[in-house]
Engineer: 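Would you mind keeping the following structure in view while I ask a few things?
We count ligands from 1, going down the list as the structure has it; atoms in each ligand are counted the same way.
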Amino acid sequence: MNEKIDSKVIDEIGLEQNFLGSIEAGKSLPTEELPEHPMPANIAEQLVQHYRLNEAKANQNLATFCTTQMEPEAEKLMTDALNTNAIDKSEYPKTAAMENYCVSMLAHLWGIPKSEKLYKDFIGTSTVGSSEGCMLGGLSLLLSWKHRAEKAGFDTDDLHHHLPNLVIMSGYQVVWEKFCIYWNVELRQVPIDQRHMSMDMDHVMDYVDENTIGIIGIEGITYTGAVDDIQKLDRLVSEYNKTATLPIRIHVDGAFGALFAPFVDGFEPWDFRLKNVVSINVSGHKYGMVYPGVGWIVWRNNTEDVLPKEMRFSVPYLGKTVDSIAINFSHSGAHIVGQYYNFVRFGMAGYQAIMNNVRSISLKITDELNKFEIFEVLNDGSRLPINCWKLADDANVSWTLYDLEGELAKYGWQVPAYPLPKNRQDTTISRIVVRPSMTMTILDDFLEDLKMAVHNLNKVHGDTELEYNIPSSSDSTAVSNS
Ligand SMILES: *Cc1c(COP(=O)(O)O)cnc(C)c1O
């Protein structure tokens, strides 16, 4: 049959509206070269969507930190703003204004007194994510260190004596390694050990010297959900600075914690309430609850000492000029609009209600994990809502958490297993990120499947069942059906 006859038949029976009957559906979509001819928009849309839907189910993705659900009103606002360019502040002054409002709200949420104002007292910018925020935070530490070092008479070109270094705990997110490689900075890792799952405050200052551009405090360690004791770090830094030639500063990587901690109880000051914290970054697309593509950084003081002038590029805005600081140039303003919508929509009380729910779900997961009596919970959700656990030393099972990951995947759940950072890399952990879109019902569903997964693994590996692990008879049916 040639294509002409084929398409005529399809036209006659009216299938052209249904992509399944289209000629295109009978062929593979182009993958390597630009196709020669166009195809109808509705067919292209349906085929691409059909293909895309084969990936991750948002509710069952317990691995990601990123937002998978926003309100329809937010989606509409963001869709309407897709054709704007966030970097072009004079062409899109309202988007630029909303960016400023968000920076201001974050600054005050993080402890800058309400009497202080954006640009006059502090400064910040939206970014594409925390990666860009960390890169900017690191750069401002590096360049301001350089200026201070030169003032103090160091030859900063003499890398043999003055190679700049950055101090961070070993469970850092990969962006910090990128930062150090891109800018030729030595990455000094404070290792974790049995007692220190976050930055080891007994030893951190051993890693500091006159070439240290700063210390990164992590308000939410990606791998475990633990937090660095930034309050203690601040005290240690204050003590060090009393006699140091070059005083040390702290940047807080708050990618996920900085939009969680302010809304719940139980956190010691970790932000601008601390003297030596000069900048903080956060991902808007994590607990800021915006779809992937937005982050933020705020610098405590709008001074060239904190944010050096090489990092400021003057752009026109409302008949004046303002500093453009972001690395990325053109990108849509949709995410800024989405973030601003969330802030005005939820307010303090809204975020508090949501994050408290998130916390109770995380605590419930810990309770349930403990009942198995084979898991040792390493992060229990009482602070950041990340559940992470290992197999208990006396678990006495012959399967691993990698097996559990595979077994849960059969039920559609993504719960990654991986080794702890350097120094404890022989310990494997599993991690669940509890996000606002997880409700108690979804959790109930997950827990049922977790019991089944453990049961199946015990059976396959011939391990003894603890009472808790024996599912009810209706669950057993589910096994044979699955
Ligand atoms: C997620 C994360 C990052 C990177 O953030 P993106 O928004 O994904 O670019 C950096 N640091 C920490 C601690 C993170 O958890």
Side-chain angles (χ1 to χ4, degrees), residues 56 61-68 86 102 106 110 124-141 166-182 187 189-190 192 197-199 214-230 233 250-261 267 270-271 277 279-298 326-328 331-332 334-336 338-339 342 358 362 379 383-388 416 418 420-421 429 431-436:
N61 184 352
L62 310 187
T64 186
F65 281 90
C66 283
T67 301
T68 54
C102 290
L106 287 169
W110 295 335
T125 181
S126 74
T127 59
V128 167
S130 275
S131 300
E132 189 185 356
C134 294
M135 206 57 80
L136 287 168
L139 260 179
S140 57
L141 290 177
L166 181 74
V167 175
I168 193 167
M169 65 81 70
S170 59
Y172 55 81
Q173 211 268 356
V174 64
V175 63
W176 291 110
E177 204 166 317
K178 292 187 186 176
F179 168 79
C180 287
I181 288 172
Y182 295 172
L187 183 67
Q189 305 178 42
V190 186
I192 56 168
M197 290 295 287
S198 55
M199 186 177 267
I215 305 179
I216 307 301
I218 312 182
E219 185 65 9
I221 295 159
T222 319
Y223 298 91
T224 58
V227 286
D228 285 341
D229 185 348
I230 300 172
L233 180 64
I250 300 170
H251 169 86
V252 175
D253 179 358
F256 63 95
L259 272 169
F260 185 86
F267 287 89
W270 56 273
D271 49 18
V277 172
S279 45
I280 301 175
N281 70 269
V282 72
S283 302
H285 50 228
K286 292 184 177 174
Y287 290 91
M289 296 171 63
V290 183
Y291 289 137
V294 66
W296 303 92
I297 178 167
V298 176
I327 297 173
N328 287 283
H331 59 95
S332 157
H335 294 84
I336 290 171
Q339 185 78 77
N342 277 356
V358 167
S362 188
N379 200 68
R383 288 217 274 178
L384 292 176
I386 312 301
N387 291 84
C388 117
Y418 48 83
L420 280 175
I429 58 170
R431 185 196 70 188
I432 289 177
V433 178
V434 182
R435 293 177 294 126

Engineer: How far is atom 5 (O) of ligand 1 from the closest protein heavy atom, and which atom is that?
Structural biologist: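 Ranking protein heavy atoms by distance from atom 5 (O) of ligand 1, first comes S130 CB, 3.0 Å.
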Engineer: Of all the atoms in ligand 1, which lie at a distance below 4.0 Å from a heavy atom belonging to G220?
Structural biologist: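 Once the distances to G220 are compared, the set is 13 (C).
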Engineer: Give me the nearest non-hydrogen protein atom to atom 8 (O) of ligand 1 as residue plus atom name, then the distance to 0.1 Å.
Structural biologist: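 So the nearest neighbour among protein heavy atoms is H285 NE2, 3.9 Å.
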Engineer: When you measure from the centre of the six-membered ring of F256, is the NZ or CZ of K286 under 6.0 Å away and within 45° of the axis?
Structural biologist: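 No.
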Engineer: What residue and heavy atom of the protein are closest to atom 14 (C) of ligand 1, and at what distance?
Structural biologist: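 The protein heavy atom lying closest is K286 NZ, 3.0 Å.
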Engineer: Nearest 0.5 angstrom please: D228 CG to M197 CE, how far?
Structural biologist: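 CE of M197 is found 11.5 Å from CG of D228.
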Engineer: Are any of the heavy atoms in G295 under 4.0 Å away from ligand 1?
Structural biologist: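 Contact absent.
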Engineer: For ligand 1, which atoms sit closer than 4.0 Å to a heavy atom of T222?
Structural biologist: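 The list of qualifying atoms is 12 (C), 13 (C), 14 (C), 15 (O).
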Engineer: Atoms of ligand 1 less than 4.0 Å from A255 heavy atoms?
Structural biologist: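 Close to A255: 2 (C), 3 (C), 10 (C), 11 (N), 12 (C), 13 (C), 14 (C), 15 (O).
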Engineer: Side chains of E132 and N328: donor-acceptor distance under 3.5 Å anywhere?
Structural biologist: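 A donor-acceptor contact under 3.5 Å links the two side chains.
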Engineer: So which atom in S362 and which in I386 form the shortest heavy-atom distance, rounded to 0.1 Å?
Structural biologist: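 The answer is OG-N, 3.9 Å.
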Engineer: Checking R435 side chain against N61 main chain: does a donor-acceptor pair fall under 3.5 Å?
Structural biologist: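 Answer holds: yes.
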Engineer: Say you draw a straight line from OH of Y172 to CZ of F179; how long is it, rounded to the nearest 0.5 Å?
Structural biologist: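 Going from OH on Y172 over to CZ on F179, the span is 13.5 Å.
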Engineer: Where on F256 is there a heavy atom closer than 4.0 Å to ligand 1, on the side chain, on the backbone, on both, or on neither?
Structural biologist: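 For F256, only side-chain atoms sit under 4.0 Å from ligand 1.
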Engineer: Do you know which of I250, V252, L141 makes side-chain contact (heavy atoms from CB on, under 4.5 Å) with I216?
Structural biologist: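 Only match with I216 under side-chain contact (heavy atoms from CB on, under 4.5 Å): L141.
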Engineer: To the nearest 0.5 angstrom, please state how far the SG atom of C388 sits from the CD1 atom of I221.
Structural biologist: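 So the gap between those two atoms works out to 10.0 Å.
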Engineer: Which residue and non-hydrogen atom of the protein lie closest to atom 9 (O) of ligand 1, and at what distance in Å?
Structural biologist: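 Answer for atom 9 (O) of ligand 1: S131 OG, 2.5 Å.
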Engineer: For atom 11 (N) of ligand 1, what's the nearest protein heavy-atom neighbour? Residue, atom name and distance, please.
Structural biologist: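 Atom 11 (N) of ligand 1 sits closest to the protein heavy atom D253 OD2, 2.7 Å.
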Engineer: Could you tell me, atom by atom, which parts of ligand 1 come under 4.0 Å of a heavy atom of S283?
Structural biologist: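 Here the atoms of ligand 1 in question are 5 (O), 6 (P), 7 (O).
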